[in-house]
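Worksheet for the structure shown next.
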Amino acid sequence: MHQGITPFEAAMQNVTVQVLDLLHNQTTQITQRKDELDKREATFRVAVAQFEKEKDQMAELLQKGSDIVELNVGGRHFTTSRSTLCSRPNSKLEAMFSGRWKMPEDKTGKIFLDRDGKHFKLILEFLRNPDTSVKLPAHKTESFRSELEWYGLGDFINIGAVGGGGAGGKANLLGWTLDPEYNSNGVILSLADDNRRATLTGVGAAEVLGTKGFQTGTSSFKIKIIKTGTKDSTTLIGFCTKEFPRTLLYWGGNDRPQHGGTKLGPWKEEDVLEVNLALDSHYVSLKNTRSGEVSSMLVPPQGKEWFPYYQLSGSGCSILLME
């Protein structure tokens, strides 16, 4: 005689089905996870193999003494070293000549780059002498900056604007002039070395302004203190607007209370003062490269042009614009 299952047996069957379903799901998840790990391991092995291949290529290049590289850049020929071309880590230029890329060659075997040869000449000069800045006429800075971005060198090379006006950009400033609207009676201020050196020989005060103003972007300049002048001499450095009434952002180099920024100084002869203006971020900073002292202040968002500024007061003050 056939009898039905008891409630207990039915419950056990239900639990068994649930456990089997859970085990199946867990097994599926483990299998999927294993497949994912296998794929990652395969990708890692490929990366390791590629690294070993590149390392062997670099070793082979070094063994062959191929640090010397001949280039054809836009029809201009250059000879340099691979170490020079790779001297800026993580740049596109470094990657191109590290052995990781297969570079095209012209019919004579020189590595060929379809870029501007004139600009590359300047880039190569900087790579050989990294403590200098590239000097260009103002109307050529934008095309040169585009070339720097292509090589991945935009953050490594400073562009020095020689003459010209305009605003914005990352630049160092050359060409200083005495502001004729602020020149105390009896003051004798002489300019020398292509207007880069200013010396105050009279009694009074005089301002020296950069010839180029900025409204956007960043700019910087360095001044070397040649002479600090008499005991009561006052020396101010920073940026200012040209329109009257002027807005001044400056630091002083004596022991008197200052009217702008955190007090630094007194300046000493041979001090090199580096001023950086970041208009998009609304701040200006000054660093004494000898002492390492740094101070910064906010720039009012006025939308005006800012000019590099230095005031000399007291006979004998002398400064030299370095960059």
Side-chain angles (χ1 to χ4, degrees), residues 2-74 78 80-116 119-120 123-124 126-127 130 143-158 170 217-218 278 280-281:
H2 178 74
Q3 294 181 351
I5 62 175
T6 65
F8 174 77
E9 291 174 331
M12 289 297 297
Q13 289 181 358
N14 186 46
V15 169
T16 300
V17 170
Q18 292 179 4
V19 169
L20 291 175
D21 286 343
L22 180 61
L23 289 174
H24 174 74
N25 291 336
Q26 291 291 330
T27 301
T28 301
Q29 291 179 12
I30 291 172
T31 302
Q32 291 175 345
R33 182 59 175 166
K34 182 178 180 301
D35 291 342
E36 180 181 347
L37 292 174
D38 289 343
K39 290 179 181 179
R40 290 187 178 183
E41 181 182 5
T43 301
F44 175 74
R45 290 182 181 278
V46 170
V48 170
Q50 181 64 27
F51 172 78
E52 294 295 335
K53 180 180 178 181
E54 292 174 2
K55 186 174 70 173
D56 293 341
Q57 289 174 342
M58 287 298 296
E60 183 180 357
L61 289 172
L62 293 174
Q63 288 176 358
K64 291 180 179 179
S66 58
D67 190 50
I68 304 301
V69 180
E70 292 187 291
L71 301 164
N72 177 351
V73 184
F78 302 90
T80 186
S81 67
R82 192 176 302 274
S83 57
T84 295
L85 296 170
C86 296
S87 61
R88 289 297 176 264
N90 301 318
S91 66
K92 181 179 178 180
L93 185 66
E94 184 266 340
M96 292 165 61
F97 291 94
S98 65
R100 302 194 295 271
W101 291 25
K102 176 66 176 177
M103 301 297 293
E105 298 179 351
D106 65 10
K107 61 183 180 181
T108 66
K110 295 182 176 66
I111 293 176
F112 177 73
L113 297 178
D114 189 17
R115 307 299 302 180
D116 189 305
H119 287 333
F120 187 80
I123 291 173
L124 192 56
F126 172 83
L127 294 175
S143 61
F144 183 68
R145 187 171 288 111
S146 297
E147 203 72 0
L148 290 179
E149 294 300 328
W150 191 86
Y151 287 108
L153 296 171
D155 294 332
F156 295 107
I157 299 180
N158 285 327
K170 183 187 292 182
T218 62
D280 295 339
S281 302

To the closest 0.5 Å, what do you measure between [atom1] ([X]) and [atom2] ([Y])?
X      : Y      : atom1 : atom2 : answer
Asp114 : Asp106 : CG    : CG    : 12.0 Å
Asn72  : Lys107 : CG    : NZ    : 10.5 Å
Leu85  : Thr80  : CG    : OG1   : 5.0 Å
Asp35  : Gln32  : CG    : CD    : 7.5 Å
Leu93  : Trp150 : CG    : CH2   : 8.5 Å

**Prompt:** Between Met103 and Leu113, is any pair of side-chain heavy atoms under 4.5 Å apart?
**Reply:**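 Met103 vs Leu113: side chains touch.
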**Message:** Do Asp38 and Glu41 have side chains that approach each other closer than 4.5 Å (heavy atoms only, starting at C-beta)?
**Reply:**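 When only atoms from C-beta onward are counted, Glu41 and Asp38 do touch, with a gap below 4.5 Å.
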Considering all heavy atoms of both residues, which atom of [X] and which atom of [Y] are nearest to each other, and what is their separation?
X      : Y      : value
Ser91  : Gly152 : CB-O, 3.4 Å
Glu147 : Asp116 : OE2-N, 3.2 Å
Val69  : Ser81  : CG2-C, 4.4 Å
Cys86  : Ser98  : SG-N, 3.9 Å
Arg88  : Glu94  : O-CB, 3.3 Å

Taking distance alone, no hydrogens or angles, what donor-acceptor pairs closer than 3.5 Å link side-chain atoms of residues 18-29 to residues at least two apart or in another chain?
from	atom 1	to	atom 2	distance (Å)
Asn25	ND2	Asp21	O	3.3
Thr27	OG1	Leu23	O	2.7
Thr28	OG1	His24	O	2.9

**Prompt:** Run the salt bridge (charged side-chain N to carboxylate O under 4.0 Å, His left out) check on Lys39 and Glu36 step by step: do they pass?
**Reply:** CA-CA 5 Å; Lys39 290 179 181 179; Glu36 180 181 347; over 6 Å; no
**Request:** Start with the C-alpha gap between Ile111 and Met96, add the side-chain angles, then the distance that decides, and say whether side-chain contact (heavy atoms from CB on, under 4.5 Å) holds.
**Result:** CA-CA 11 Å; Ile111 293 176; Met96 292 165 61; over 6 Å; no
**Asked** Counting distance only, does the side-chain N/O of Arg82 pair as donor-acceptor with the main-chain N or O of Phe97 below 3.5 Å?
**Response**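 Confirmed, Arg82 side chain pairs with Phe97 backbone.
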**Item:** Whether Tyr151 and Phe120 hold their rings parallel, tilted or perpendicular, with breakpoints at 30° and 60°
**Value:**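 Judged by the thresholds at 30° and 60°, the geometry between Tyr151 and Phe120 is tilted.
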